[in-house]
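Working notes for the structure below.
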Number of protein chains: 2
Amino acid sequence: MEQTQLKEALEALKETGVRITPQRHAILEYLINSMSHPTADDIYKSLEGKFPNMSVATVYNNLRVFREVGLVKELTYGDSSSRFDFITTHHYHVICDSCGKIVDFHYPGLDEVEHLASHVTGFKVGNHRMEIYGTCPDCSTKETH
Amino acid sequence: MEQTQLKEALEALKETGVRITPQRHAILEYLINSMSHPTADDIYKSLEGKFPNMSVATVYNNLRVFREVGLVKELTYGDSSSRFDFITTHHYHVICDSCGKIVDFHYPGLDEVEHLASHVTGFKVGNHRMEIYGTCPDCSTKETH
DNA sequence: TTATTAAATTGTAATGTTTATAAATAGTGT
DNA sequence: ACACTATTTATAAACATTACAATTTAATAA
Ligand SMILES: [Mn+2]
Ligand SMILES: [Mn+2]
Ligand SMILES: [Zn+2]
Ligand SMILES: [Zn+2]
């Protein structure tokens with residue numbers, strides 16, 4: 001099924017007139033297979049073997065392209081660098097304050113909040129973001145020790 | 001009432017053993033009076049007149065101190081620099097994608113989401129963040145033109 | 001297949017925000 | 001007023017991200 005996702009992603013690029021390069025193919029593949037939420041540097045480092053000459057600028061450029069095409073979501077937290085999530089189904093994230101782990105979390109969209117916000121502020125509301133912060137089971141165990 | 005907030009803030013600093021300096025007084029005052037959500041640089045620039053020799057490091061240091069004492073909340077969005085909000089009552093933010101305007105928005109806490117997240121992921125949940133994005137009335141008018 | 005052309009990549013420099021550091025200064029309790 | 005530290009200042013450093021120009025390459029059609 002990852003194969004399907006990759007094919008669909010490449011198809012989406014083709015339809016938008018975005019050229020398919022080996023670098024783009026590899027970055028997409030990594031994003032799809034990665035169960036984590038990697039930073040640009042994570043991606044850069046893990047493709048070092050396959051693309052010894054790839055520039056870090058290429059990773060950033062293509063992540064921006066993927067974001068603009070709607071294939072990838074950029075997650076910006078307080079800490080230094082952005083993380084990237086290949087878009088599949090809508091979901092939220094639960095984040096560990098202690099170790100930074102990010103876990104997917106499914107929950108119906110907060111439509112009511114969006115509506116009220118629109119009503120109260122007069123904004124044309126497009127979307128929202130929500131994350132939940134806490135301590136993951138691993139870190140909880142360590143603390144109790 | 002801003003006077004009361006300032007007094008209470010200074011009192012909170014005193015009780016935590018944090019010294020009260022003219023710079024801290026001025027930064028707090030600015031945060032309380034500011035109806036906006038300023039960046040560190042906004043604060044630095046607007047206090048230039050009163051403190052020609054103040055270092056930008058002082059602004060950052062003190063914003064961190066205020067955050068640690070619980071007087072100030074740091075807002076980190078995708079864009080370059082953090083914004084700071086003097087803590088009064090709990091509220092969320094509605095943000096304009098077009099001009100960056102940030103508007104306060106009151107809504108009851110999303111307790112149910114926190115509970116479900118905790119139940120599903122096993123996290124010890126502490127808090128959450130939520131923002132709503134869209135187009136503010138001003139920018140909507142301009143677009144329609 | 002080859003030629004063409006615009007788009008993408010690369011390498012490097014530049015940008016901008018935030019932090020680290022060490023010396024000078026100033027707030028607080030006595 | 002004194003002593004003790006916390007704080008401020010000035011500056012350099014760190015770091016992620018972007019800008020730029022030269023080179024390379026993907027896509028298209030002859
Ligand atoms: Mn995710
Ligand atoms: Mn606010
Ligand atoms: Zn953890
Ligand atoms: Zn606006």
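The figures here come from the full heavy-atom set of this structure, side chains too, leaving out hydrogens, waters and symmetry mates. Here the structure is a predicted model, which means the values were calculated and not measured. Numbers restart at 1 for each chain; the letters A, B, ... are given by sequence-line order, proteins then strands.
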- request: Would you indicate what B:Ser80 reaches in the nucleic acid, counting non-hydrogen atoms under 4.0 angstrom: base, sugar-phosphate, or nothing?
  value: sugar-phosphate

query: Could you state the OH-P distance from A:Tyr77 to D:dA16, rounded to the nearest angstrom?
result: 17 Å

- prompt: Are B:Lys45 and B:Asp41 close enough for a salt bridge, meaning some N to O gap below 4.0 Å?
  reply: yes

statement: A:Arg64 atom CZ is separated from D:dA19 atom P, nearest whole Å, by 7 Å

field: Nearest-Å distance for atom pair CD1/C1', residues A:Ile27 and C:dA8
entry: 11 Å

message: Using whole Å, what does the distance between atom C1' of nucleotide C:dT10 and atom OH of A:Tyr44 come to?
response: 10 Å

- prompt: Among the nucleotides C:dT9, C:dT18, C:dA20, which one has an atom lying closest to any side-chain atom of B:Ser81?
  reply: C:dT18

field: Rounded distance (Å) that lies between atom C1' of C:dA8 and atom CZ of A:Phe51
entry: 13 Å

task: Look at the aromatic rings of B:His91 and B:His106 and report parallel, tilted or perpendicular, splitting at 30° and 60°.
output: tilted

Using the 3.5 Å cut-off, write out each protein N or O paired with an N or O of nucleotides 26-29 of chain D and the distance between them.
| residue | atom | partner | partner atom | Å |
| --- | --- | --- | --- | --- |
| D:dA26 | O3' | A:Ile20 | O | 3.4 |
| D:dA26 | N3 | A:Arg19 | NH1 | 3.2 |
| D:dA27 | OP1 | A:Ile20 | N | 3.1 |

message: So, using ring pair (Phe, Tyr, Trp, His ring centres under 6.0 Å) as the criterion, who are the partners of A:His37 when residues are at least two apart?
response: A:His93

- prompt: Quick one: A:Glu74 CD to D:dA16 P, roughly how many Å, whole number?
  reply: 14 Å

query: Does any N or O donor sit under 3.5 Å from an N or O acceptor when you compare the side chain of A:Ser55 with the base of C:dG11?
result: yes

query: Which heavy atom in B:Phe123 sits nearest to a heavy atom in A:Ile95, and how many Å separate them?
result: CE2-C, 3.6 Å

message: Looking at D:dA19, I'd like to know if its phosphate oxygens (OP1 or OP2) sit under 4.0 Å from a side-chain N or O belonging to A:Asn61.
response: no

message: Using OP1 and OP2 only, check whether a side-chain N or O of B:Asn62 sits under 4.0 Å from D:dT8.
response: yes

task: Tell me which of A:Pro52 and B:Asp41 sits closer to the 5' end of DNA chain C, going by the nucleotide each one is nearest to.
output: A:Pro52

task: Take A:Val56 and A:Arg24, find for each the nucleotide of DNA chain C with the closest heavy atom, and name the residue whose nucleotide sits nearer the 5' end.
output: A:Arg24

- request: Ignoring backbone atoms, test whether B:Tyr60 places a side-chain nitrogen or oxygen under 4.0 Å from the OP1 or OP2 oxygen of C:dT19.
  value: no

query: When you measure from the side chain of B:Thr16 to the backbone N and O of B:Ala12, does any donor-acceptor pair fall under 3.5 Å?
result: yes

message: Quick check on D:dT17: is either OP1 or OP2 less than 4.0 Å from any side-chain nitrogen or oxygen of A:Ser82?
response: yes

message: Please check this pair: side chain of A:Ser34 against backbone of A:Ser36, looking for a donor-acceptor N/O pair closer than 3.5 Å.
response: yes

query: Whole-Å distance between C:dT17 P and B:Leu75 CG?
result: 17 Å

query: Quick one: does B:Arg24's side chain have a donor or acceptor within less than 3.5 Å of a partner on B:Arg19's backbone?
result: yes

message: Tell me the closest heavy-atom pair linking A:Tyr92 and A:Leu110, and the distance in Å.
response: OH-N, 3.5 Å

task: Taking the side chain as every heavy atom from C-beta outward, state whether A:Tyr133 and A:Tyr77 have any pair of such atoms under 4.5 Å apart.
output: yes

task: Would you kindly give the CG-to-C1' distance between B:Asn53 and C:dA23, to the nearest whole Å?
output: 16 Å

query: What does the inter-axis angle of the helix from C:dT1-D:dA30 to C:dT30-D:dA1 come out as, five pairs per end, nearest 10 degrees?
result: 40°

message: Ignoring hydrogens, what is the shortest heavy-atom contact between A:Phe51 and A:Ala26? Give both atom names and the distance.
response: CE1-CB, 3.5 Å

